Each structure stands twice: as structure tokens, then as C-alpha cells.
Amino acid sequence: MDTYIAKVNYNNPEVNDEVFVKAASIIQNGGLVAFPTETVYGLGANALDPIAVKKIYKAKGRPSDNPLIVHISEKDELYGLVDCVSEKAKKLINFFWPGPITMIFKKKDLIPMETSGGLSTVAIRFPKNKTARYFIKKCGTPIAAPSANSSGKPSPTRASHVKFDLNSKIDMIIDGGHSEFGLESTIIDVSGNIPCLLRPGSITKAMIEDVIGKIEVDKAVFGKLDVDERPKAPGMKYTHYSPCANVIIIRGNAENVIKKINYMTEKNSDKNMKIGVIATKQTKSMYICENIIVIGDRNNPNEIAANLFDVLRKCDYLEIEEVYIEAFDENDVGMAIMNRLKKAAGYNIIDV
Ligand code: TXA
Ligand code: MG
């Protein structure tokens, strides 16, 4: 049976109260509801119900050692779920919540091991998106939610992406339009002495350091780890964000990048392979490829971030087999863009 999709007014979710009554009843009965947030769509279940949470792993095809983020609708709910909130964590909470930053704390026993992927810590997020908060509040329970994609695919930034991946596997999708930021939340582990960035997002390292001083960055953020190394966020070890196409990043000065991409397009077109190029507004007219997908304005990293997963999904829609994409600077939001892009490319980067 097709999954039920309900459109809501994302500025005034209360006008669609009946949608949230239905969604809350699904959650309270152990079902799964996908909902919009300011980062990407989440696939929600009652975070305190291990049987409901197991359904998330099954629907996504997600490995059971990859913990879920628990979403709350009021700041103070945090204290009922976790132990030891440090002074630095309190500063971050006051400064950035509600917003796209997830924090990791020591968990209390009422968080089931199914939710925390067997860890003694738990990730907590207080989203800013009004629809997300209205939904969580209506459910009356914290909501465990990973991104609402099939495991390994790009995270969904539209209800149609969720439907494409999970139709008939989940009970309901709340359609609240396009996700504002388009990349998943920043994750920072505040359970130890020195806070450590595990996943970059739109709240950048510099923004965090302005509030609490120097932090560490997990090595997995920048590149591929050696076989005997483990990322601190278990999810960062899996291949991710990949369209079916082979993704190759070309990095260097603009002129060389364009030359190289045109050379590769010409060379590989002979092989009867459908080639695509992900270009920026600045470079779209410079490529010889027939399939150009424009990701946005190079000078506007927030626009690039918001469109990245959309563009990767478009490659599948166009049945592209190999796609070339220009690299971006790794500063600020660029750190998050390149982190997702490198994973989508399986770290396949050509420097020119
Ligand atoms: O923006 C977001 O964070 C979205 C929306 C729906 O809120 N959610 C999201 O969830 O991206 P997910 O499951 O796709 O990514 C969560 C990441 C995974 O890499 C997971 O391993 C890590 O967070 N994580 C969760 N709990 C953790 C913990 N206790 N310790 C370390 N990493 C944790
Ligand atoms: Mg995910």
C-alpha cells in the first residue's frame, strides 16, 4: 500500500492540526512518520519504544550499530534524557538551540539501547523547523529520527525523495516543502572533557569556537580512515550519499578543472556511457557535456549546500553513469559540503 502523504503549511502548522493528530497517533501506536526539519527530512519513531525504533532500521536497511538522533520539542526535555550536561554544553544549548546542531551526552537508562545503537551515549537535537517541533510536541514523546532515506543514499530534502526511497515501508510522510539548509545537522560530542566535532554542518567549527573556545575535530570529518581506525560517529564509517552514478571530484584552479572535465567527457563519451557534469552558475556554459546539472552560485555556499542532495538524486533520475563535479573550498559551510561530497565520491578526487 502507498504511504500516506499529508501536505502542511510549514509557516503555520497549527492550521493543519488534524494531520498532526493522525501522525501522533501513528507514533503512539509504534509506527513510523517522516517529517521535515530545517536540515533534511527525518524518519521518526517513539525514541523510548525499542520495538518501534527497530522498525526504523528495517525500513532504511540501516546497520543496527548506527545510533539514532533523539529529537525534542523543548530545551528542558534534555535533562530527563541525559546525565552530566557540562558548562560548555550549556553555553552551546543557550546559543544554538533550537537549531541545526546535535549534541552527544551520557544517556539515562530510559533511552533504549536500540535507540543509542548499543552505546552509553545519546545524540540529542532540538530542531528549529516549526513543523518538526509541532509534530514532536503533539507526539508527547521524544522522537528518534535518522535521515529518511534508504541507507547509503543521499539524505532527503523533499517529501518526494522520502517517497522515492521508502514508499509503502513507512506509515506516513508529512510534506513541509524543501528543507532550508539541505545538509544534516552539525554533530558535537560534549560527553567528554574536550568537545569534539563529529560531523560538520551549517553551524560551523568557527561559530562553535566563538562560543566555547577550541574544540577537536574527529579525523573522519576530513577523509578516509585507515582500516584499523574508527570514526567517533558510527554512521561516518559507512558509504553514504551516493547516487548510482560513479562520482568523481575534480579539484584545482578553475581553468584546469574545466579543461580536465571536458577532456574526461570527450574521452569517456566514446565508451557509450552517459556522462554528466555538476557545474556552478559561474561555469555552466563552459562545459561540452550534454547533461549539465547546475548546483548553484559558487559564491553562495549555503545555496550549494541546500542543493547538493537534490543534485545527486537528479543524477539517478537522469540515469547518468558517471558524473564530474568541481571541488569547493573547505572553509566554514564548505567543510560540510566537501565532507558529504567526498563520501558520495568514495574519496575519488583528481587534483589538477
Ligand atoms: O540533521 C540531522 O541530524 C538529521 C535530521 C533528521 O535531524 N538526522 C540525521 O540522522 O542526519 P542520521 O541518523 O542520518 O545521522 C546521525 C549520525 C550518524 O552518523 C550516527 O552514527 C551519529 O549521528 N550518532 C548518533 N548517536 C551517536 C552517538 N551516541 N555517538 C556518536 N555518534 C552518534
Ligand atoms: Mg543519514
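Both counts, for ligands and for their atoms, begin at 1 and track the order of listing. Worth saying up front: this structure is predicted, and the values here are computed from it rather than measured.
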Could you walk me through whether Phe135 and Phe20 pass the ring pair (Phe, Tyr, Trp, His ring centres under 6.0 Å) check? CA-CA 6 Å; Phe135 162 67; Phe20 296 92; 7.1 Å; no
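- Salt-bridge annotation for Glu330 and Lys342: present, with a side-chain N of the basic residue lying under 4.0 Å from a carboxylate O of the acidic one.
- If you look at the Mg ion (ligand 2), the protein N, O or S atoms less than 2.8 Å from it are Ser147 OG.
- In summary, Asp165 and Arg313 engage in a salt bridge, as defined by a charged side-chain N under 4.0 Å from a carboxylate O.
- Protein heavy atom closest to atom 3 (O) of ligand 1, with residue, atom name and distance, is Ser185 OG, 2.5 Å.
- Summarising the geometry, atom OH belonging to Tyr10 is positioned 10.0 Å from atom CG belonging to Asn129; distances are rounded to the nearest 0.5 Å.
- Set against the non-hydrogen atoms of Asn66, the atoms of ligand 1 under 4.0 Å away are 18 (C), 20 (C), 21 (O).
- Scanning the protein heavy atoms around atom 29 (N) of ligand 1, the nearest turns out to be Thr121 OG1, 3.0 Å.
- The protein heavy-atom contact nearest to atom 23 (O) of ligand 1 is Ile187 CD1, 3.1 Å.
- Annotation: Arg199 places an N or O atom under 3.5 Å from an N or O atom of ligand 1; distance criterion only.
- Under the side chain to side chain donor-acceptor pair (under 3.5 Å) criterion, Lys107 pairs with no residue at all, not counting sequence neighbours.
- Given atom 27 (C) of ligand 1, the protein heavy atom at minimum distance is Pro67 CG, 3.4 Å.
- Side-chain atoms of Asn331 do not come within 3.5 Å of backbone N or O of Val333 as any donor-acceptor pair.
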Would you be so kind as to tabulate the donor-acceptor pairs closer than 3.5 Å made by side chains of residues 201-210, with sequence neighbours excluded?
| from | atom 1 | to | atom 2 | distance (Å) |
| --- | --- | --- | --- | --- |
| Thr204 | OG1 | Met207 | N | 3.2 |
| Glu209 | OE2 | Ile215 | N | 2.9 |

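- For the residue pair Thr37/Arg125, the side-chain donor-acceptor check at 3.5 Å is satisfied.
- In terms of protein heavy atoms, atom 28 (C) of ligand 1 is closest to Ile104 CD1, 3.6 Å.
- Looking only at protein heavy atoms, the nearest one to atom 9 (C) of ligand 1 is Ser147 N, 3.7 Å.
- A salt bridge between Glu74 and Arg133 is absent, with no side-chain N of the basic residue lying under 4.0 Å from a carboxylate O of the acidic one.
- Given atom 6 (C) of ligand 1, the protein heavy atom at minimum distance is Gly42 CA, 3.4 Å.
- Short contacts between ligand 1 and Ile69, defined as distances under 4.0 Å to a heavy atom of the residue, involve ligand atoms 3 (O), 8 (N), 9 (C), 10 (O), 16 (C).
- Atoms of ligand 1 found under 4.0 Å from any heavy atom of Glu184 (numbered from 1 in listed order, with element): 1 (O), 2 (C), 11 (O).
- Considering backbone and side-chain atoms together, Thr37 places no N or O closer than 3.5 Å to any N or O of ligand 1.
- Residue Pro234 places a heavy atom less than 4.0 Å from ligand 1.
- Side-chain atoms of Arg199 and Ser185 include a donor-acceptor pair closer than 3.5 Å.
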Donor-acceptor pairs under 3.5 Å, side chain of residues 85-101 to any protein atom, not counting sequence neighbours: which ones?
| from | atom 1 | to | atom 2 | distance (Å) |
| --- | --- | --- | --- | --- |
| Ser86 | OG | Ala89 | N | 3.1 |
| Asn94 | ND2 | Lys90 | O | 3.3 |
| Trp97 | NE1 | Ile101 | O | 2.8 |

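- Within the 4.5 Å cutoff, no side-chain heavy atoms of Leu197 are placed close to those of Asp218.
- The distance from ligand 1 to the heavy atoms of Lys232 drops below 4.0 Å at these ligand atoms: 31 (C), 32 (N).
- In summary, Arg298 and Glu326 engage in a salt bridge, as defined by a charged side-chain N under 4.0 Å from a carboxylate O.
- Those atoms of ligand 1 with a heavy atom of His71 less than 4.0 angstrom away are 5 (C), 6 (C), 7 (O).
- Protein heavy atom at the shortest distance from atom 19 (O) of ligand 1 is Gly235 CA, 3.2 Å.
- With ligand atoms numbered from 1 in the order given, ligand 1 contributes 28 (C), 29 (N), 30 (N) to contacts under 4.0 Å with heavy atoms of Leu119.
- No donor-acceptor contact under 3.5 angstrom links the side chains of Glu77 and Tyr79, judged on distance only.
- Only the side chain of Arg62 comes within 4.0 Å of ligand 1, judged by heavy-atom distances.
- For the residue pair Gln282/Asp297, the side-chain donor-acceptor check at 3.5 Å is satisfied.
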